[in-house]
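What follows is a single structure, written as structure tokens, with notes after it.
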Amino acid sequence: MLRAIDFPTVDHRGPEFGTLGKNVIAGMKRVFKSTQGEVVIYPASGTGAWEAALVNTLSPGDLVLMYETGHFATLWQKMAAKLGLNVEFIAGDWRHGADPQAIEKRLRADTDKRIKAVAVVHNETSTGVVSRLAEVRQAIDAAKHPALYMVDTISSLASIDYRHDEWGVDVTVAGSQKGLMLPPGLSFNCISSKALAASKSAKLARAYWAWDEMIENGKKGYFPYTPATNMLYGLAEALKMLLDEEGLDNVFARHQRHAEATRRAVRAWGLEVYALDPREYSASLTGVLMPAGHDADRVRKVILEAFDLSLGTGLTKLGGKMFRIGHLGDFNDLMLMGTLTGVEMGLALAGVPVKKEGVQAAMDYLSGCAKAPARKVA
Ligand code: PLP
């Protein structure tokens with residue numbers, strides 16, 4: 001994929017570019033599970049696609065219902081407030097996903113339909129907790145509420161099963177740097193016809209993020225401004241790997257298998273998986289809680305220095321309290337075993353009292369359970 005990014009940059013107004021643009025938009029529609037919606041690709045990080053979702057559909061002072069699943073849900077909520085939206089943030093404990101019942105209750109109480117959007121983070125990257133999106137959709141329907149449904153899939157798309165149309169999502173937000181296996185730099189909105197209709201009357205100011213010109217140009221594979229052409233070469237290659245060579249369902253199964261092996265290792269060390277509800281375990285990463293009196297960032301530093309292995313830090317209120325093991329993207333059994341071995345050795349080096357049985361538990365699981373078919377390299 002990095003070699004694909006290396007290709008010489010073509011004229012983004014020329015014929016070759018149109019073919020590339022149409023190809024990646026069509027491929028992304030398949031990743032959103034064959035959506036009938038529109039897909040817009042921004043030369044931006046995920047934060048840009050967050051902003052695009054809000055400014056294209058909402059007006060100043062609109063009420064938005066968001067759910068505190070962790071650090072990233074908190075940042076999205078802060079952004080909404082900065083944009084002049086009126087945000088109601090349902091408090092969460094960070095160890096559970098968005099509670100569909102709490103959302104339904106709040107929507108039922110909104111008899112004059114002031115809430116214009118419900119926004120949820122699918123996979124909370126800060127904690128390794130997944131929200132049950134189909135159940136949130138059912139909650140919105142049960143309350144017979146017309147609010148738009150917005151979902152951040154930055155660390156779930158192409159890693160964890162996700163269905164834009166089937167789950168009735170109106171705007172999906174995604175980024176290039178996780179399941180799509182690319183460097184940071186591209187982000188996406190997948191847009192339902194309901195969201196598109198809302199964008200016609202939405203009043204928040206928008207220019208760079210405006211969907212209309214992006215969608216109009218996108219029909220022929222072009223952009224209204226200079227696209228990140230080389231990233232799109234990489235995206236075309238990533239789509240080939242995910243859709244044609246391995247198959248999305250096999251990718252999801254591979255990630256689930258690695259997540260289960262990781263959780264077994266964590267428990268065999270005598271440590272705690274941060275996510276509490278097995279229905280909400282993340283397949284892309286595992287948050288690991290440190291025993292009281294041991295600083296997770298010190299352990300991360302020891303592991304980085306001794307083994308050149310970089311683990312995710314605990315964010316905001318979890319600083320020092322947990323570390324995160326990523327197992328998403330182009331990742332295989334031996335890469336996972338290398339990672340878990342580094343963690344086990346590093347925990348011991350840092351003097352954290354753990355049982356040296358985690359690597360063995362993960363190996364037993366991986367060698368005993370069926371592996372998804374290997375990627376067919378075209
Ligand atoms: N949402 C989630 C779930 C994320 O994990 C991230 C970044 O990791 C973001 C939003 C913000 O995206 P970015 O840092 O690409 O702007």
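Atoms within a ligand are numbered from 1 in the order they appear, just like the ligands themselves. Residues: numbered from 1 along the sequence shown.
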Main chain of Ala44, side chain of Ser187: is a donor-acceptor contact present, judged purely on distance under 3.5 Å?
yes
Of the protein's non-hydrogen atoms, which lies at the shortest distance from atom 8 (O) of ligand 1, and what is that distance?
Lys178 NZ, 3.0 Å
Do the two ring centres, one from Trp167 and one from Tyr162, sit under 6.0 Å apart?
yes
Strictly distance-based, threshold 3.5 Å: is any side-chain N or O of Lys194 a donor or acceptor partner for the main-chain N or O of Ile191?
no
Tested for side-chain hydrogen bond (donor to acceptor under 3.5 Å, both in side chains) against Glu260, the lone hit among Gln256, His258, Arg257, Arg264 is Arg264
So for ligand 1, is Gly46 a polar contact partner (N or O within less than 3.5 Å, distance only)?
yes
With heavy-atom distances below 4.0 Å as the criterion, list the atoms of ligand 1 near Ser45.
13 (P), 15 (O), 16 (O)
Atoms of ligand 1, numbered as shown, that sit under 4.0 Å from any heavy atom of Asp152
1 (N), 2 (C), 3 (C), 10 (C)
Check this for me: does any side-chain nitrogen of one of Lys200 and Asp212 sit under 4.0 Å from a carboxylate oxygen of the other?
no
Tell me, which protein residue and heavy-atom name are nearest atom 10 (C) of ligand 1, and how many Å apart are they?
Trp50 CZ2, 3.1 Å
Give the residue, atom name and distance (to 0.1 Å) of the protein heavy atom nearest atom 7 (C) of ligand 1.
Phe72 CE2, 3.4 Å
Taking only heavy atoms of Gln177 into account, list the atoms of ligand 1 that are under 4.0 Å away from them.
13 (P), 15 (O)
For the pair Asp364 and Gln360, evaluate side-chain hydrogen bond (donor to acceptor under 3.5 Å, both in side chains) and give the outcome as yes or no after the intermediate values.
CA-CA 6 Å; Asp364 290 347; Gln360 188 62 52; 2.9 Å; yes
Output, in order, the C-alpha distance, side-chain angles, deciding distance and verdict of side-chain hydrogen bond (donor to acceptor under 3.5 Å, both in side chains) for Trp209 and Asn56.
CA-CA 8 Å; Trp209 306 117; Asn56 277 287; over 6 Å; no
Is there a donor-acceptor pair under 3.5 Å between the side chain of Arg324 and the backbone N or O of Gly287?
no
Pull out every atom of ligand 1 sitting under 4.0 Å from any heavy atom of Asn123, numbered as shown with elements.
3 (C)
How close does the nearest protein non-hydrogen atom get to atom 3 (C) of ligand 1, and which residue and atom is it?
Thr125 OG1, 3.1 Å
Check for me whether Glu124 has a heavy atom closer than 4.0 Å to any atom of ligand 1.
no
Can you confirm, on distance only, whether ligand 1 has an N/O atom lying under 3.5 Å from any N/O atom belonging to Thr47?
yes
